[in-house]
There are 2 protein chains.
Amino acid sequence: MPRTSDKRERLITAGRELIHSKGFNRTTLADIAEASGVPLGNVYYYFRTKEALLDAVVSAQKDDFRERVAAFEKHGSPRARLQAFLNSVIDSKEEIARYGCPIGSLSQEMNKSSGLSRAGASEGLILRAQWASEQFRALSRSDAQDLGVWLIASIQGVILMANAMADPGVIERQLGQLKAWIDAF
Amino acid sequence: MPRTSDKRERLITAGRELIHSKGFNRTTLADIAEASGVPLGNVYYYFRTKEALLDAVVSAQKDDFRERVAAFEKHGSPRARLQAFLNSVIDSKEEIARYGCPIGSLSQEMNKSSGLSRAGASEGLILRAQWASEQFRALSRSDAQDLGVWLIASIQGVILMANAMADPGVIERQLGQLKAWIDAF
DNA sequence: GTCTATAATACGATAGAC
DNA sequence: GTCTATCGTATTATAGAC
């Protein structure tokens, strides 16, 4: 018996995967519990409600992005950082063509009317747009803010179409174009 | 008592609105029945299952698009048709910034793993991309197919970001840029 | 064709023993 | 901290009278 159990961690990890592949509404706490090897009743020791687990999942998504961004810092130029970001999307093209973007699709799902907290799940997208805007600002673009939003919008739209067409090749081709465009200025 | 009741029609209309604002999973047949002024049990006279009602909703979405496209034909040039399409999106910016695109968000939701028919809900997006590709082809673009997918992806991405940022202005600004780009070639 | 009542089940959440 | 058993409710779907 470890002094500190990793059950909370396992629940969050399983929650991320299941919410990505099935969506939040269709993912049950029993699904998450089973995938984590935790009995259903014990889930409530770690999370008061299903929504509390969602908050932890969203938080983990944001932490992950911040880590990735920190890793991009080793690239000397903003251009190279943007390319690295696009490459990271292309790297997981199979999974996101199958289930959509874990950030974008969750944002969509949560921004439908319900009693739930509308804001949290969208922050991942906003964070990405802000980061992209910073890169364009470093490239001395006066329209840096709009360009940042535009870049994330473009990526999200391409993922949505690749998902609808069930074709990862769409991501490769369309984001390849985007990379060429970034190289060109 | 009308010889033919319009209940089926009313159920589809209410279904479209509710599925758009709440999502398919969170919309109950009781919701749709109440909004249509039809008793719950009677819904099953018109639709065998909830999924059958979804199919009718998707079908109605596709019919609507085909009608809009037919109306665009009065514009002389492919460029003008594309502009008219973008204008129609901008016209409903408030609603789509609030709830997302009725076509795109439903496609996302249905493309999550479940026993349900994965394909149907995405056809609206594919139809739009094909139509856009035809316009680019008429403009003698050799990369017309990719451009069509790219245009619909761009629109969908912009809607997703406007939804995440809860700001219809994003749609106006970003699609304004897109319109200028279309004018330019 | 229409409607009421209800069956069948799935799921979030809790109680309480250990 | 952990686990089993179960409650309460929401929701899809059906039965059957009219």
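Every value quoted in this text rests on a predicted model; they were computed, and no experiment measured them. Residue numbering restarts at 1 for every chain, and letters A, B, ... go by the order of the sequence lines. Side-chain atoms are counted along with the backbone in the values below, which use heavy atoms only and exclude waters and symmetry mates.
Under the 6.0 Å distance and 45° angle rule, B:Arg128 counts as a cation-pi partner of B:Phe65. Annotation: cation-pi geometry satisfied between B:Lys50 and B:Phe24 (NZ/CZ under 6.0 angstrom from ring centroid, within 45° of ring axis).
Contact between the side-chain N/O atoms of B:Tyr45 and the OP1/OP2 oxygens of C:dT2 is not found at any separation under 4.0 Å. Distances shown here put every side-chain N or O of B:Lys7 at or beyond 4.0 Å from the OP1 or OP2 atom of C:dG1. At the phosphate of D:dT11, neither OP1 nor OP2 sits under 4.0 Å from any side-chain N or O atom of B:Lys50.
The A:Leu40 side chain lies nearest to C:dA13 when the options are D:dT12, D:dC3, C:dA13. Closest to the B:Tyr44 side chain, of the nucleotides C:dA13, C:dT4, D:dA13, is D:dA13.
Between A:Trp181 and A:Trp150, the ring center distance clears the sub-6.0 Å criterion.
Among the protein residues, A:Tyr46 comes within range of the sugar-phosphate backbone only, with heavy atoms under 4.0 Å from sugar or phosphate atoms but none that close to a base.
Atom CG in A:Leu53 sits about 11 Å away from atom P in C:dA13, given to the nearest Å. We find that CG of A:Leu29 is positioned 16 Å from P of C:dA10, with the value rounded to whole Å. Residue B:Asn25 contributes atom CG, which lies 16 Å from atom P of C:dA10 at whole-angstrom precision. Going from atom CG of B:Leu11 over to atom P of D:dT12 covers 14 Å, rounded to whole Å. The CZ-P distance, from B:Phe24 to D:dT11, rounds to 13 Å in whole Å. One atom, CG of B:Asn42, and another, C1' of C:dA5, lie 14 Å apart when rounded to the nearest Å. Atom pair A:Glu34:CD and C:dA10:C1' shows a separation of 15 Å (rounding to whole Å applied). The separation between A:Ile32 atom CD1 and C:dC11 atom P is 12 Å, rounded to whole Å.
The backbone N or O of A:Glu123 sits nowhere less than 3.5 Å from a side-chain atom of A:Lys62 that would complete a donor-acceptor pair.
Under the 4.5 Å side-chain criterion, counting only non-hydrogen atoms from C-beta, B:Thr49 is not in contact with B:Leu54.
Along DNA chain C, the nucleotide nearest to A:Thr28 and the one nearest to A:Arg48 differ in position, and the one closer to the 5' end is contacted by A:Thr28.
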